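A quick write-up on the structure given underneath.
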Amino acid sequence: MSYIIDRRLNGKNKSLVNRQRFLDRYKAQVKEAVSEALNKRSITDIDNGENISLPPKNINEPMITNGTGGQRHRVFPGNKEFATGDEIDKPPQGGQSGGGAGKPSNQGEGEDDFSFYITKEEFLNYIFDDLELPNFVKKNLSHSKEYKKVRGGYLTEGTPNNLSIIRSMQNAHARRIGMSAGKRKKLKELTAALEACLAQEPENKQKIAQLKKDIKDVERRLKLVPFLDDMDLRYRNQVKISTPSSKAVMFCIMDVSGSMTQDIKDMAKRFYLLLYLFLERNYEETEIVFIRHHINASEVSEHDFFYSRETGGTIVSSALQLTRDIINERYASSEWNIYAAQASDGDNWVDDSPNCYQILKEDILPHVQYFSYVEITDKDHQALWRSYEKLLSEHPQLFSMAQIKSVGDIFQVFRELFMKDKAKVAE
């Protein structure tokens, strides 16, 4: 058995292997430090690297030391004061007085926190570790209506638009070489013989005439070899195969009504930015639909979703109606894994909360894999939460709820909503 050890150095001239081994060993401590750092970040720098500090107690290695008590034999260099059997007084209690701001200690030495930098990739790995979209399944191939064309070699017959010029010219060139190789060799030999005859036997007119006749005959036969023949033509072949649909779409629904203060909106944006980074990093075939709502709901771009200042009254059902309409028009549940994440402070027009419950229950939940609702408020639950509680008891696999009271709750709530062990594979 042979082992290959990667000794390549990273940009800091530190061993990449040792670094990865260190991160794996203290994964829990680093993940905790990343969670704390995430809550202190702004929206614009949430996906950058981070300086991580670990207390010495968290990275201490086990070691063998002498226990307390008992007799010990130690050798001190330069001893002029003590002899064997002398008793040494204990050191005075308390630390030495000094000008520092910290408290005195009875130990003479200590150790600062261990600090190091993790890259953007490592930072995101720790954020999204053990997370996934719940109930994500590949749609049955027999029910898929999607097809794609793939290259299937070359054909000798086909339409002009599928003609492969390069492959056809390669075939023609190879054919000309094969058909004319003997003739060109013969022509070369006749040409050399004619030159020798002209130099050595110029008076032999009959032989010279015969050689010239043979040369013209070979050249004539070479010209008869076609430059391009029908047998050289090759056409690109494309075959159509059915592909299973495993695509996903995420609806991000954010309340931007007047009751949403700037602090609440910032927390909602942080939650959605985490969700956006999670989807972009972990899933290739994922579309994101951004919906903002106050009295009216509208589908907006990514930039407008995070930075638009539009506001107004509150009718949450307008956003759910728009979500329902978009699903019916563009995302068939037989082909798409459909998800939705709604964030609001829970404040809604009183008569509208029952409408939200009805739309979710009858028009949205039957078509989605998972719907999560996040209420961002440090007060008691609002009317919208109480209406949604019925859905939580009726559809525990499809619907979930959580409350964010402060910035420090965002990451924890996000992990609770998308933990892997929370997912249940749909039948």
Side-chain angles (χ1 to χ4, degrees), residues 41-47 133 247-333 336-349 352-353 355-356 359-360 363-365 367-377 382 384 388 402 404 407 410 413-414 417-418:
R41 289 193 169 199
S42 64
I43 294 176
T44 55
D45 64 350
I46 199 168
D47 62 339
L133 290 175
K247 298 177 294 186
V249 57
M250 173 66 73
F251 286 84
C252 297
I253 308 169
M254 183 167 63
D255 185 356
V256 293
S257 60
S259 61
M260 295 277 289
T261 63
Q262 189 59 45
D263 290 340
I264 295 178
K265 289 180 181 178
D266 286 343
M267 285 190 283
K269 290 176 182 178
R270 287 194 182 197
F271 174 82
Y272 281 120
L273 192 54
L274 272 176
L275 180 59
Y276 178 77
L277 291 174
F278 168 63
L279 295 175
E280 287 291 308
R281 182 177 180 80
N282 291 27
Y283 297 92
E284 294 181 0
E285 296 293 332
T286 304
E287 293 189 13
I288 304 178
V289 178
F290 296 101
I291 296 178
R292 291 167 56 97
H293 76 90
H294 36 82
I295 293 180
N296 300 314
S298 59
E299 182 181 356
V300 298
S301 65
E302 173 189 340
H303 181 272
D304 291 340
F305 182 81
F306 286 107
Y307 300 107
S308 178
R309 297 180 177 273
E310 183 181 3
T311 186
T314 309
I315 298 182
V316 178
S317 62
S318 62
L320 299 180
Q321 290 171 356
L322 179 59
T323 302
R324 174 197 61 196
D325 295 340
I326 294 176
I327 291 176
N328 293 335
E329 292 174 6
R330 294 174 4 211
Y331 302 103
S333 58
W336 289 82
N337 290 281
I338 304 174
Y339 297 87
Q342 180 184 3
S344 171
D345 63 347
D347 190 15
N348 190 24
W349 184 40
D352 188 54
S353 293
N355 293 337
C356 296
I359 296 173
L360 266 178
D363 301 332
I364 295 181
L365 288 185
H367 302 287
V368 302
Q369 301 296 105
Y370 188 63
F371 190 105
S372 59
Y373 170 67
V374 177
E375 186 174 86
I376 307 175
T377 179
Q382 304 297 315
L384 191 60
Y388 282 178
I404 296 177
V407 174
I410 298 175
V413 167
F414 180 79
L417 293 177
F418 296 98

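Please read all numbers here as calculations on a predicted model, not as lab measurements.
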Can you confirm whether W336 sits close enough to E287 that some side-chain heavy atom of one is under 4.5 Å from a side-chain heavy atom of the other? yes
Look up atom CG in L384 and atom CG in D255, then write down how far apart they are to the nearest 0.5 Å. 9.0 Å
Distance alone, cut at 3.5 Å: any donor-acceptor contact between the side chains of D325 and Q321? no
Side-chain (D345) to main-chain (T377) donor-acceptor, under 3.5 angstrom: no
Listed pairs under 3.5 Å, donor-acceptor, residues 290-297 side chains, sequence neighbours left out:
from, atom 1, to, atom 2, distance (Å)
R292, NH1, D304, O, 3.4
R292, NH1, F305, O, 3.1
R292, NH2, S308, O, 3.1
R292, NH2, E310, O, 3.2
H294, NE2, E310, OE2, 3.0

Between V249 and R330, is there a side-chain heavy-atom distance shorter than 4.5 Å? no
Which of these passes side-chain contact (heavy atoms from CB on, under 4.5 Å) with Y370: L365, I338, L417? L417
Beyond-backbone contact of S318 with L322, side-chain heavy atoms, under 4.5 angstrom: no
Heavy-atom pair with the smallest gap, counting every atom of M254 and A268: SD-CB, 3.8 Å
Report the distance from atom NE2 of H367 to atom CD1 of I327, rounding to the nearest 0.5 Å. 7.0 Å
Please examine the side chains of S344 and Y373, heavy atoms only from C-beta on, and report whether any two atoms are closer than 4.5 Å. yes
Is any side-chain heavy atom of K265 closer than 4.5 Å to one of T261? no
Quick one, I288 and C252 - any side-chain contact, counting heavy atoms below 4.5 Å? yes
Look up atom OG1 in T323 and atom CZ in F371, then write down how far apart they are to the nearest 0.5 Å. 7.0 Å
Is R324 paired with E329 through a side-chain N to carboxylate O contact shorter than 4.0 Å? no
Could you walk me through whether I410 and M267 pass the side chain to side chain contact (heavy atoms under 4.5 Å, CB included) test, one step at a time? CA-CA 7 Å; I410 298 175; M267 285 190 283; 4.0 Å; yes
Please lay out, stage by stage, how Q342 and L320 fare under the test side chain to side chain contact (heavy atoms under 4.5 Å, CB included). CA-CA 9 Å; Q342 180 184 3; L320 299 180; 4.1 Å; yes
E302 side chain to Y307 side chain, donor-acceptor N/O pair below 3.5 angstrom: no
N348 and T314: side-chain donor and acceptor closer than 3.5 Å? no
Short question: side chain of Y331, backbone of A248 - any donor-acceptor pair under 3.5 Å? no
Any sub-3.5 Å donor-acceptor pair from Y272's side-chain atoms to A341's backbone N or O? yes
Report yes if the side chains of L360 and Y388 come closer than 4.5 Å at any heavy-atom pair, otherwise no. yes
Does F251 form a side chain to side chain contact (heavy atoms under 4.5 Å, CB included) with Y339? I'd like the steps, not just the answer. CA-CA 6 Å; F251 286 84; Y339 297 87; over 6 Å; no
Smallest separation among heavy atoms of C356 and S317, with atom names: SG-N, 3.5 Å
Indicate yes or no: at least one non-hydrogen side-chain atom of E299 is less than 4.5 angstrom from one of I326. yes
